[in-house]
Protein chains: 2
Amino acid sequence: MQVNIYFCAVKQKNIEHRSTCPISTALDIFGDKWSLLIVRDLMFNQKKTYGEFLQSEERIATNILADRLLLLEMGGIISKEEHPDSKAKVLYKLTTKGIDLIPTMVEIILWSEKHHEVHPFASRFARMVKKDKDGILKQIKQGLKSK
Amino acid sequence: MQVNIYFCAVKQKNIEHRSTCPISTALDIFGDKWSLLIVRDLMFNQKKTYGEFLQSEERIATNILADRLLLLEMGGIISKEEHPDSKAKVLYKLTTKGIDLIPTMVEIILWSEKHHEVHPFASRFARMVKKDKDGILKQIKQGLKSK
DNA sequence: ATATTCACTTGCATATTGCAAGTTATTTCT
DNA sequence: AGAAATAACTTGCAATATGCAAGTGAATAT
């Protein structure tokens with residue numbers, strides 16, 4: 001929690017970059033056990049609110065979720081918007097930078113599906129991607145852009 | 001540090017899987033700030049020993065390095081071998097599972113290069129990948145397999 | 001007007017990280 | 001052959017991050 005020059009309280013997390021290596025820079029933003037699960041929920045599971053993220057089966061703690069949402073926002077991966085249904089709700093969206101993580105996320109899924117026992121949905125998805133990767137990537141991107 | 005049924009001390013880290021989601025499963029193995037930097041050094045920088053990993057510019061602590069090497073080994077991503085030059089050295093290698101992370105790593109590099117200021121080497125690499133992704137992926141794979 | 005939902009925040013115990021200083025087994029130097 | 005250096009860790013401890021349970025305040029539903 002920091003204060004800006006207008007003395008208006010502003011939440012901020014400065015992301016330190018350990019080096020100019022692109023892998024290191026990426027990990028500075030999403031190198032933890034939770035951030036990419038939020039991205040996953042936004043990207044593949046049509047989740048958009050704090051409450052929906054909380055319900056994911058990995059059971060993220062409320063304070064950690066709040067912290068990671070802030071970090072992802074500071075990292076330029078997600079943004080907050082007014083929820084059309086209610087002022088009490090907050091709608092989270094992937095930014096362009098967040099949407100650009102689609103290929104990375106898909107490769108992680110392919111790798112994990114190859115080497116671990118995963119949910120049948122994941123295996124089916126992997127099969128589809130192997131048939132037509134570019135098509136699926138575009139489809140996911142379109143689904144996110146329209147919203 | 002655990003003890004196996006033969007009462008022979010064995011180092012072990014059990015990797016817990018929070019769900020059967022492939023992203024979550026992957027993060028259970030490499031979801032931290034350091035693991036993929038070790039993979040990077042093995043994959044792109046021809047580093048193979050504890051001492052070489054220590055010298056990377058992100059300055060990993062010695063105990064964390066030892067811990068992550070163990071975790072990566074338990075996760076099936078790296079393996080230890082005798083160093084041909086000396087008994088005092090240990091040679092770390094990517095397993096097949098580790099080599100299979102090439103596409104994920106390359107996508108992270110492409111994403112990071114697009115959205116951050118990174119080292120000129122990374123920009124040059126990104127340009128090459130954009131010209132012939134499949135070719136570069138194969139080339140990297142070949143370079144790792146032969147060793 | 002009251003209860004419930006929603007998005008957080010707070011306090012505190014526990015776990016992980018980071019730093020500096022060992023330790024032990026080689027290997028190199030003299 | 002003995003001493004110094006190298007390599008790969010380990011240990012102790014302070015600082016930081018995580019996880020859990022309970023609380024808060026605004027907005028909405030009853």
Side-chain angles (χ1 to χ4, degrees), chain A residues 1-2 9-16 18-19 24 27-35 37-38 41-42 47-74 78-93, chain B residues 1-2 9-16 18 24 27-38 41-42 47-74 78-93:
Chain A
M1 189 85 98
Q2 289 191 346
V10 164
K11 289 175 186 178
Q12 198 175 331
K13 294 247 174 182
N14 286 323
I15 293 171
E16 311 248 319
R18 292 170 291 174
S19 76
S24 152
L27 294 176
D28 291 336
I29 299 178
F30 61 66
D32 68 86
K33 297 239 178 297
W34 297 108
S35 296
L37 294 187
I38 298 171
D41 286 344
L42 284 160
K47 298 190 180 183
K48 293 175 183 57
T49 65
Y50 184 93
E52 288 169 341
F53 301 137
L54 264 191
Q55 286 162 36
S56 292
E57 65 173 319
E58 293 86 6
R59 320 262 61 219
I60 189 169
T62 57
N63 55 339
I64 304 297
L65 176 56
D67 184 72
R68 290 311 121 90
L69 286 169
L70 191 54
L71 279 172
L72 286 170
E73 198 186 350
M74 295 301 124
I78 65 174
S79 61
K80 293 167 86 166
E81 285 185 20
E82 284 188 12
H83 198 290
D85 298 354
S86 146
K87 276 189 190 173
K89 292 187 180 179
V90 176
L91 199 145
Y92 288 95
K93 292 183 67 171
Chain B
M1 188 86 96
Q2 289 191 344
V10 164
K11 287 179 188 174
Q12 198 175 332
K13 294 248 174 182
N14 286 323
I15 292 170
E16 311 250 318
R18 293 170 290 174
S24 152
L27 294 176
D28 291 335
I29 299 178
F30 61 66
D32 69 86
K33 297 238 178 297
W34 297 107
S35 296
L36 288 187
L37 294 187
I38 298 171
D41 285 344
L42 284 161
K47 297 191 181 183
K48 291 174 185 59
T49 64
Y50 184 94
E52 286 169 344
F53 301 137
L54 263 190
Q55 285 162 35
S56 292
E57 66 173 320
E58 293 86 6
R59 319 264 63 219
I60 189 169
T62 56
N63 55 339
I64 304 296
L65 176 56
D67 184 73
R68 291 309 120 90
L69 287 170
L70 190 54
L71 279 172
L72 286 170
E73 199 186 348
M74 295 301 126
I78 64 173
S79 60
K80 294 168 84 165
E81 287 184 20
E82 283 188 12
H83 198 290
D85 296 355
S86 144
K87 275 190 189 173
K89 291 187 182 179
V90 177
L91 199 145
Y92 290 95
K93 291 184 68 170

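Lettering of chains follows the sequences in order, A, B, ..., and the numbering in each one begins at 1. Just so it is clear, the structure is predicted and the values come from calculations on it, not from any experiment.
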I want to verify a distance call: between C:dA21, D:dT28, C:dT9, whose nearest atom is closest to the B:T62 side chain? C:dA21
May I ask you to decide if B:E58's main-chain N or O and B:S56's side chain share a donor-acceptor pair within less than 3.5 Å? no
Roughly how many Å is it from CG in B:L54 to P in D:dA7, rounded to a whole number? 11 Å
In whole angstrom, what separates B:L65's CG from D:dA7's P? 14 Å
I need the CD-P distance between B:Q55 and D:dT6, as an integer number of Å. 12 Å
For A:D32 and for B:H83, find the nucleotide of DNA chain D with the closest heavy atom, then tell me which residue's nucleotide is more 5'. B:H83
Distance, rounded to the nearest Å, where A:I38 contributes CD1 and C:dC8 contributes P: 11 Å
Do the side chain of A:K47 and the main chain of A:F53 share a donor and acceptor less than 3.5 angstrom apart? no
side-chain N/O B:Y92 vs D:dC9 OP1/OP2, d < 4.0 Å: yes
Please confirm whether the shortest side-chain N or O distance from B:W34 to OP1 or OP2 of C:dT17 is below 4.0 Å. no
Rounded to whole Å, please give me the gap between CD1 in B:I78 and P in D:dA8. 13 Å
Under 4.0 Å between any heavy atoms, over every strand shown, what does A:K33 touch: base, sugar-phosphate, or nothing? Just pick one. nothing
In this structure, how many angstroms lie between the P atom of C:dT17 and the CD atom of B:E58, rounded? 16 Å
Closer than 4.0 Å, any side-chain N/O of B:K80 to the OP1 or OP2 of D:dC9? yes
Show the nearest heavy-atom pair for residues B:R18 and B:D28, with the distance to one decimal. NE-OD1, 2.7 Å
For A:M74 and A:I15, which heavy atoms make the closest approach, and how far apart are they? C-CD1, 4.2 Å
Rounding to a whole Å, what distance do you find between A:K87:NZ and D:dA29:C1'? 16 Å
If you take all heavy atoms of A:Y50 and A:A66, which pair is closest and at what distance? CE1-N, 4.1 Å
Picking from D:dT11, D:dA8, D:dC20, which would you name as closest to the side chain of B:N63? D:dT11
When we call it a touch if two heavy atoms are under 4.0 Å apart, what does B:S86 touch: a base, just sugar-phosphate, or nothing? sugar-phosphate
Nearest to the B:I64 side chain among D:dA27, C:dG18, C:dT27, which nucleotide is it? C:dG18
Closest to the side chain of B:A88, out of D:dA7, D:dA27, C:dC8, is D:dA7
Answer with base, sugar-phosphate or nothing: what part of the nucleic acid does B:F53 contact at a heavy-atom distance below 4.0 Å? nothing
Any idea which heavy atoms bring B:V90 and B:K80 closest together, and the distance? CG1-CE, 3.7 Å
Assuming nearest nucleotide by heavy-atom distance, tell me which of B:R59 and A:L69 is located more 5' along DNA chain C. A:L69
Along DNA chain D (nearest heavy atom to each residue), the more 5'-positioned of A:A61 and A:D85: A:A61
Please give, in whole Å, the distance from C:dA7 P to A:K48 NZ? 13 Å
